[in-house]
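Since the structure comes first, as structure tokens, the remarks are kept for the end.
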Amino acid sequence: MAQVIMPKMGDAMEEGTLLKWLKNPGDEVAEGDPIAEIETDKVTLEIEAAEDGFLTQTMVNEGDVVPIGTTIAMIGAEDEVGQAPPAEAAAQPAAAPAEEPPAEMAQEPQQAATVPSAQPEAAAISAPPEAPAATPPATNGRGNGQVVERRPGERLRASPLVKRLAAEHGIDLARVAGSGPGGRIIKDDLKDYISGAKPAPQAPAAAPEAAPAAPQPAQTAPAVTAAPKGAPAELSKIKARTGERMSLSKQTIPHYYVTSNVDMTEALAFRAQVNASLGENGVRVSVNDLIVKAAALALREHPQVNRSFENGQLFDHDSIDVNIAIALEGGLIAPFIPHADEKSLGTIARMTKDLGRRAREGGLTPNEYQGGTFTISNLGMFDVAEFIAVINPPQAAILAIGSVTPTPVIQDGEVVVGQVMKITLSADHRVLDGAEVATFLQAVKRYLEHPMLLAVS
Amino acid sequence: MPVKTYRDALRDAMAEEMRRDESVVLLGEDIGVYGGTHLVTNNLIDEFGPTRVIDTPIAENGFTGAAIGMAMGGMRPIVEMMTWNFSFLAADQIIQNAAKLRYFSGGQVSVPLVIRGPNGGGVQLSAQHTHSLEGFYGHFPGLTVVSPVTPHDAKGMMLTAIREPDPVIFLEAGALYGTKGEVEDGDYTVPFGKARIAREGTDVSLISYGRQVPMLLRVAETLEGEGIDAEVIDLRSIRPFDSETIVNSVKKTNRAVVVQEQWRWFSVASEVAAILQEQAFDYLDAPVERVSGAEVPAPYARNLELAAFPNEQQIAEAVHRVLYRKDN
């Protein structure tokens, strides 16, 4: 099979918009046939087939912006229609166009497609933390039970009939592979999914490979070998739902992570002072409450972190609503404190305690956990050094809090015992670049290291 | 049941009604002495005489206007357009008067008029004599527009048309005047606003009217060999329109291909597609496909004329698209 790539049309061109497919998968094409319309920052033009054959697959949707050199379609024999290209074809540099794409694009086309907006200086941050040696083979995507990989921002397409049937039968369409144009899920796909007859087609080559499993309880690596033996355990509804959302998040959001050390000495003293002066009826302020307030104030300074990304669009939010991840027996839930930046520490403490109690009793209402603009996940009470959390879509970031640990630190040239807490922000690279995240963390750190600000802001 | 041609079924309907109802008269060019250009009124002048089978001058606007006046005065005239193409000359009378007199008179005056004649192409009559006018006349409130395709429906709908209190645009499948089918004897009517399921199926709804219906039945036979069970719907009535039948069909099949000889823009197929998305949206598994005539004046040359109208292969391809199957 031959690849069709986004061509470089002029020196200044770094990316192109796929405006319109002029041929559909399965169509016969002759050399010179226009197969797609693309738009550069200057012109609109047609891409022509470089050889005779059949358009076997398209990997880019209309409206998508992709870097030059990205494979956008495959041309092959008729019996290859609908088949994914061989794995190596996708990983290899694109066939040489009239003008060679820049070397880094050619070497890492997949990565380039994953983070089209990556700024050069942020590229190191955006790269996966480790080489994805454990990347599951592309063929493991059975239709049943596994979320089908879709490209970042790719809209799930389904016929109206399929959407209605899915809603009536409680089928999660994220798990169903679509065989129609543009990946549209059609009635036959749903039938195949229900009967388990047909494996889901391989994810398009341009889709990001699953990132290595993060050390996060909610996230488990997809099985690459035979199913393990053992009695099937019941999957709670909340766990199933969390699992779906986390899988979707990890497979569609280009995560990257920035960690910062916060000296909590002052914050602990401040908290002790506040709690010591509370009367009988006062609600004690927790370290977590301090972090919620600090993060909310930092979000006010850095509203770009308080955004969400949905259907290829950025959304600003008027209010700062901070979700707090709460571990329950059956799974996770993350109710939020609305307008957390405007609430006093005492109010945050009272509300958090109430939300936690009701979450464990199952007494939360949907409007208390559906929504929120930024999430904090705190495992500090479990003696963890640090961890990485999975973004709660469509939010842009999540802050993971480790334990406060007595640590030798250098202060004025002397080694002293510091109360160090590691905080790690997982960010969506479509929304946030490294420098924005770093300055946001600086602000969180400033509030926590100068806790009086939490009382007066 | 007796087998008759489409032409004879029409003539029987008119003759029988003329015997029953003295107010029924025929007007048109060459319909009397000559027997009609298409022989639909052949020999009727012998039975009913020249005062009820009236040969007119070549003046469509004039004799259509005269017929409207007769209808207003209590007669039930049937006007023959030698072909519907000539009705453009009478369009002012049809659209401005016949369609609007009931409205203008606050319901005091009605126009029980039938205008009939061959519609569409397929017989090499070239660009000026090949129009399909169902979309054009279907546009105007105040007109009823029908297009029967079987001899049985031709007779039953003609009887309904003559008895209607308001003007009826009766579009005959001119290319099918010689086709035969079973026709009941005697007085029966086929109601307007009710489509006919010409073939039942489960996989795709093929929707049309007029001379495309027999073609759809042939396509359905071919598709059966591919394991596709197509339902064929003959709309019969363009206005009033039977939404219920097409919506129920698509609720069953989830896919529709609408076929018409006329041009695509602002056409019956456009209306069908719109109705389906309005009333069966949650049942559609694919966009509604329209197969229409080529956007050119109808060619004369046989090969070009065939290329300009929907053919079996185009329809089968559209069916494959809505079923997400590859063409063979």
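Proteins come first, then strands; the chains are lettered A, B, ... in the order of their sequence lines, and each starts at number 1.
Within a 6.0 Å radius of CZ in B:Phe281, no more than 12 heavy atoms belonging to other residues, nucleotides or ligands are found.
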Mind listing the donor-acceptor pairs under 3.5 Å that bridge chain A and chain B?
from, atom 1, to, atom 2, distance (Å)
A:Ser159, OG, B:Asp285, OD1, 2.5
A:Leu161, N, B:Leu284, O, 2.9
A:Arg164, NE, B:Asp282, O, 2.9
A:Arg184, NH1, B:Tyr324, OH, 2.6
A:Lys187, N, B:Asp285, OD1, 2.8
A:Lys187, N, B:Asp285, OD2, 2.8
A:Lys187, NZ, B:Asn254, OD1, 2.5

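Not a single side-chain contact (heavy atoms from CB on, under 4.5 Å) links B:Ala307 to another residue, sequence neighbours left out.
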